[in-house]
Amino acid sequence: MLQFLIRRTFGAALILLLISAFTFFMFFAIPQDPAMLACGKNCTPDALAIIHKNLGLDKPVTVQYWDFMVGIFAGRDFAVGHCPAPCFGVSFANDQNVWDTILDRFPLTISLTVGSLVVFLILGLGAGMLAAKNRGTWIDKVFSSGSLVVSSLQIYFLGPLVLLAFVYSTGWLDKPKYVPFSEDLGGWFMGLLIPWIVMATIFTANYTRMSRSSMIEQLQEEHVRAARAKGMSGNYTFFRYAWRGSLIPIVTILGIDLSALMGGGMVTEMTFGLAGVGRLALDSVTNKDLPMLMGVMLVSAALIIVFNLIVDALYAVIDPRVRLS
Amino acid sequence: MTSPIELEGAEASSALDMESAPKGDADKPKEPVGQKPGQLMWARFKRDRAGVISACVVLFFLVISAAAPLVSKVYGKDPYTLYGQERPELLDMFTMPAAPFGGIDGEFWFGIEPGLGRDVFTQLLYGMRNSIATALAATLIMTILGVLIGLTGGYFGGKVDYWLGRVTDFFMALPSQLFFVAAMPVITTVFVAPDKETPTYVRACAIIIVLSFLGWMSMARIVRGATLSLRDREFVEAARISGASPWRIIRKELLPNIVTPTLVQATLTLPSTILSIAFLSFVGVGYVEPTPDWGRMFAIGAGIVEQDPYYMLFPGVAMVVFMVAFNLLGDSVRDAFDPKSSR
């Protein structure tokens with residue numbers, strides 16, 4: 001198990017390195033001067049020169065990449081001051097430290113993701129299993145047709161509708177806002193309740209569909225039927241045999257969805273007017289704030305890779321064959 | 001030798017069909033031995049009521065969006081005219097539609113857009129048209145890329161396959177939505193200087209490039225898997241022994257056999273591509289004013305949902321219906337292709 005994890009960690013580090021290089025050269029090696037983007041429409045040669053110097057753009061691209069990567073581990077010195085160890089540079093737009101800004105925004109995105117994750121995993125897997133267990137009955141029909149329609153909803157459509165129903169017309173809840181949960185647990189919960197409901201609704205529907213079809217497939221597997229035939233109880237085979245097997249495709253999709261949730265908090269954050277990492281990424285695209293964008297990309301990619309590592313470890317827990325290969 | 005065969009267990013599935021066919025279809029030939037896989041698939045698809053209905057719905061959407069200029073000519077309005085400014089009585093002092101229900105009436109079927117006072121019906125039609133056309137182009141390129149990469153990896157195997165697989169893994173590990181958003185301005189600067197306005201066709205090209213560059217991976221994986229299972233089959237070996245070149249084997253033996261899984265995957269890719277385009281426009285890096293766009297209608301609608309919830313009603317319902325129909329269609333096409341993989 002340990003060896004497996006170590007091997008995967010090395011692979012992950014390699015992928016992260018590749019992503020950093022890919023992202024860097026995509027932005028800094030296009031046939032356009034990146035400083036021109038930052039400089040905007042009324043650009044003077046002086047302003048351009050300052051941006052060049054701040055970014056170190058006068059050096060060759062490979063040297064710039066090396067400086068950037070060294071900066072992440074050792075820190076760098078900029079015109080606006082020293083930038084300590086995990087240094088992703090300073091923002092073009094407001095000269096702020098990229099790493100500090102990201103740290104400031106991340107709790108909201110994590111809260112959104114983890115909160116809805118807990119809800120949709122419990123509800124989605126539960127509903128899917130219930131539907132699979134009662135296959136063909138009215139429970140199954142209600143669950144599968146309901147989840148088909150709901151999973152076709154989009155956050156930017158359902159979100160405003162829920163806001164209209166619970167905030168604008170009834171006034172039952174306040175507009176979503178973020179309060180750090182170390183300050184006020186109740187405020188944190190109530191502030192994020194609507195985004196959680198909206199995200200969890202759509203994902204619950206997706207996971208109900210997946211869990212149902214995966215369970216049905218597993219229940220028809222020969223080892224499950226053999227276990228049932230040799231006299232094991234229905235519930236035992238259902239949970240110990242079929243459920244365990246049905247988790248494998250779901251864990252795969254979960255790994256993909258988690259990265260979509262982390263990186264794609266954009267839609268949720270835009271819909272509810274929250275300022276998380278997704279919003280930060282969008283703003284840096286609008287402001288042409290390349291260092292900030294690089295920082296968000298790399299940190300999100302790193303997180304996604306960590307998630308994928310966890311997913312891989314989960315595979316090994318669920319399926320012993322993975323451990324052996 | 002070169003006739004298309006089913007990927008796995010063609011005999012088993014046609015045997016299954018022999019049993020169930022007389023119950024379902026009376027006028028079906030009693031001996032389905034001579035049926036081609038395409039005919040079998042079509043027969044199975046026709047029996048699937050949900051599939052046929054959803055195919056009709058999808059077709060309806062495709063036709064009305066393709067015929068958007070025609071429809072808007074008959075309807076007598078276009079998506080660009082600011083009706084609210086031409087006729088001030090349409091909007092109230094807050095530039096919200098003056099009539100109840102967002103201005104929905106016999107003249108403006110789906111209401112009027114708050115602010116600029118444009119016609120929602122034609123906006124939706126043209127928006128759907130732009131989204132679907134862009135998505136079709138992107139899906140086509142994704143499919144071609146995926147088939148090329150998957151076929152190459154699957155057929156040649158060995159080192160080629162290993163490295164193509166690693167490249168595929170790498171692209172799959174990218175945070176795709178972040179990359180969509182980040183790559184859009186980068187791609188547009190390749191075509192247009194930053195101090196100039198970006199023309200619509202350049203935006204469309206940038207969207208297509210970004211989406212297809214970051215979206216070919218699952219197609220490649222599926223094609224690679226299919227090719228691997230075909231590569232060692234007897235008819236391919238026979239072709240190789242009789243001296244056929246790799247290009248001929250790929251073209252004549254492999255390609256006809258991966259058409260179906262490719263088609264199934266493309267039916268699943270198209271709706272998700274439409275959603276990706278809507279996402280880009282929603283967050284403000286896709287199509288911009290005045291190009292009508294489906295996704296941007298939600299961005300406008302979300303901002304004014306408190307005052308005029310009716311604006312978002314039709315774009316939203318249209319999208320839900322379209323997505324449900326497309327999902328059902330995808331399931332049915334897959335079931336018709338491979339009855340064993342039923343839900």
Side-chain angles (χ1 to χ4, degrees), chain A residues 12 15-16 18-19 22-23 26-27 30-32 36-37 39-43 144 148-149 151-154 156-161 163-164 167-169 209 212-213 216-217 256 259-260 262-267 270-271 278 281-282 284-286 288 293-294 296-297 300-301 303-305 308, chain B residues 50 166-167 169-190 192-196 218 271 275 278-279 282-285 295 297-299 301-307 309 312-313 315-317 319-328 331 341-343:
Chain A
I15 286 194
L16 203 57
L18 279 172
I19 289 182
F22 184 77
T23 321
M26 181 166 116
F27 290 123
I30 48 168
Q32 197 97 54
M36 282 291 281
L37 282 174
C39 211
K41 292 188 177 175
N42 308 314
C43 192
S144 15
L148 177 71
V149 175
S151 67
S152 300
L153 286 169
Q154 298 299 312
Y156 41 74
F157 180 48
L158 186 63
L161 290 185
L163 277 182
L164 184 72
V167 180
Y168 300 135
S169 46
R209 292 185 74 196
R212 175 182 176 272
S213 63
I216 286 175
E217 216 163 85
I256 297 169
S259 56
M262 290 302 302
M266 277 176 268
V267 172
M270 279 270 293
T271 309
L282 273 176
S284 52
V285 168
T286 333
K288 318 271 168 148
L293 193 54
M294 279 286 292
V296 174
M297 288 283 236
S300 309
L303 262 178
I304 288 167
I305 283 177
N308 280 331
Chain B
R166 294 291 78 75
V167 171
D169 284 349
F170 169 68
F171 273 93
M172 283 197 133
L174 292 179
S176 59
Q177 283 182 316
L178 265 177
F179 257 86
F180 287 155
V181 170
M184 276 302 290
V186 176
I187 301 281
T188 39
T189 49
V190 174
V192 186
D195 50 347
K196 297 217 175 66
S218 34
L275 288 182
F279 157 78
F282 178 78
V283 298
V285 295
M297 296 186 88
F298 294 101
I304 46 119
V305 70
E306 189 175 358
Q307 297 87 8
M312 222 171 46
L313 184 68
V317 170
M319 186 165 265
V320 173
V321 171
F322 189 65
M323 287 301 147
V324 169
F326 235 118
N327 281 336
L328 282 173
D331 285 349
S341 74
S342 62
R343 286 151 280 167

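Side-chain atoms are counted along with the backbone in the values below, which use heavy atoms only and exclude waters and symmetry mates.
When all heavy atoms of Val317(B) and Phe157(A) are compared, the closest pair comes out as N-CZ, 3.9 Å. Summarising the geometry of Val320(B) relative to Leu153(A), their closest heavy-atom pair is CG2-CD2, 3.5 Å, with the distance given to 0.1 Å. Residues Phe170(B) and Ile15(A) share a closest heavy-atom pair of CE1-O, 4.2 Å. Taking both residues in full, the closest heavy atoms of Val181(B) and Met266(A) are given as CG2-SD, 3.7 Å, listed atom of the first, atom of the second, then distance.
In this structure, no portion of Ala299(B) lies under 4.5 Å from any heavy atom of chain A. Proximity to chain A (any heavy atom under 4.5 Å) is restricted, for Val285(B), to the side chain, taken from C-beta onward. If you measure heavy-atom distances from Leu164(A) to chain B, the contacts under 4.5 Å come from the side chain alone.
Legend: residues meeting ring-ring contact (aromatic ring centres under 6.0 Å, His included) with Phe282(B), ordered by chain and number and at least two apart, are Tyr156(A). Scanning for side chain to side chain donor-acceptor pair (under 3.5 Å) contacts around Ser151(A) gives an empty result, with sequence neighbours left out.
Atom CE in Met270(A) sits 9.0 Å away from atom CZ in Phe279(B) (nearest 0.5 Å).
Using bins of under 30°, 30° to 60° and over 60° for the plane-to-plane angle, the ring pair Phe22(A)/Phe179(B) lands in the tilted bin.
The shortest side-chain heavy-atom distance between Asn327(B) and Arg209(A) falls under the 4.5 Å cut-off.
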